[in-house]
Amino acid sequence: MNFNEIKALDESYVVQTYGRNQVAIDHGHGATLWDTGGKEYIDFTSGIGVCSLGYANEAWAKAIYEQAMKVGHISNLFYTEPYAKLASKLVPAAGMAAAFFGNSGAEANEGMIKVARKYSYDKYGEGRAVIITLKNSFHGRTITTLKATGQDHFHEFFFPFTEGFRYAEANSMDSLMAAAGDDVCGVMMELIQGEGGVNPLNQDYVQAVAKLCAERDWLLLVDEVQTGVGRTGSMFAYQQFGIQPDVISFAKGIAGGLPFGGFMTNEKCRAVLKAGDHGSTFGGNPMAAAAANVVMDTLTPEFLAQVTEKGQYLRDGIASLSSPIVSGIRGMGLMIGVGVQGMTHKELKDKLMAAGLLCLTAGKDTLRLLPPLSITTEEIDKGLEIMAQVMK
Ligand SMILES: *Cc1c(COP(=O)(O)O)cnc(C)c1O
């Protein structure tokens, strides 16, 4: 099918909730994609931080195929090898104690919220269920995670929302103290706010929040759905902030393109949820877990060091364009935000796409770059050349 045929089917039969790019992607290899018309693109999106090993990775595809030919799904009524193996790699790599597997970021955060509320209920009883989140955050699209998201425009239409969220200004302990109270059981935050505009939190602030949580027995919940699994150059972003969270969530990059997510708890919280308290039909699916095992095997310390180096190389490359359109460059590893001035972030994204480079937007004025972690220097150079053409 060509682009127009696909678009016609979408418009006739699909709920129109997305502002899609006017391109139909057909196939890819590495960090390069081709649309249905055969046009080539360098990909700085990885499907919103998901395709960590790029497209058509052979080891990844083979693991999925081989698992599909053994057993594609059986549910958590049975043990299977792929999820058990995955947990044994992921949990030590995160410095946590135990993992729960689900299917998406919002679902992972829902689980994390459940852990915080039940931990507090078990120990202190009712009336201590509030979770403080940060303004400009993004935590998902379910009724609860929308309310956890600290942006007013997500709190429309779908009333009544889940109660028990209070918002604080990022990087302000005063604002956090103003939100504090006897009814609080946890603080949830992204260490680099992704959808909100690629805004890294200050190290001092993050450590002060962790200290306050420890003093008050609030759980520190870190949403690593976008920052996790190698994206920032460490296995998880929190490992570069000098803190040890109680619970972290992960999703996007974990299975390299299959729907997968979950949360991990520390020793203190590993037994909060007991048999029957939580579950997921698809959670820990063998094919998705097999794919995630390939991702985990690829993310060696050497590979992660390359993520840091390639991120620095890309940021330096953008800075050296001395483009009048660039107002600033933020981020860690291969999670990069470029402040845009003189045109909207969407206009810039569209111009880059027309010239053969796919990028994302975030916040009000940020071009967001989340290339596959496996991107080559040659592919980064091609992307930078296109940026130079469009942005000079
Ligand atoms: C993408 C994202 C989510 C939501 O993940 P879904 O898989 O779309 O439900 C939650 N938190 C953060 C930080 C994200 O970037």
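Keep in mind the model is a prediction, meaning the values are calculated, not measured. Whatever order the structure lists ligands and atoms in, that order sets their numbers, starting from 1. As a basis for the values below, the full set of heavy atoms in this structure was taken, side chains included, without hydrogen atoms, waters or symmetry mates.
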Discussion item. Applying salt bridge (charged side-chain N to carboxylate O under 4.0 Å, His left out), can you list everything that pairs with Glu379, at least two apart in sequence or on another chain?
Written reply: none

Worksheet item: How far apart are the closest heavy atoms of Gly331 and Pro200, and which atoms are they?
Response: N-CG, 4.1 Å

Discussion item. Could you work out, with salt bridge (charged side-chain N to carboxylate O under 4.0 Å, His left out) as the rule, every residue matching Glu347, not counting sequence neighbours?
Written reply: none

Worksheet item: Taking the six-membered ring for Trp, are Phe161 and Phe159 parallel (under 30°), tilted (30 to 60°) or perpendicular (over 60°)?
Response: perpendicular

Discussion item. My understanding is that only residues two or more places apart in sequence, or in another chain, count here; which of them pass salt bridge (charged side-chain N to carboxylate O under 4.0 Å, His left out) with Glu309?
Written reply: none

Does ligand 1 have any N/O pairs with the protein under 3.5 Å, and how far apart?
from	atom 1	to	atom 2	distance (Å)
ligand 1	7 (O)	Gly105	N	2.8
ligand 1	9 (O)	Gly105	N	3.4
ligand 1	9 (O)	Ala106	N	2.7
ligand 1	11 (N)	Phe138	O	3.3
ligand 1	11 (N)	Asp223	OD1	3.4
ligand 1	11 (N)	Asp223	OD2	2.8
ligand 1	15 (O)	Gln226	NE2	2.7
ligand 1	15 (O)	Lys252	NZ	2.6

Worksheet entry | Note: Asp277-Lys114 ion pair, threshold 4.0 Å (strictly below) | no

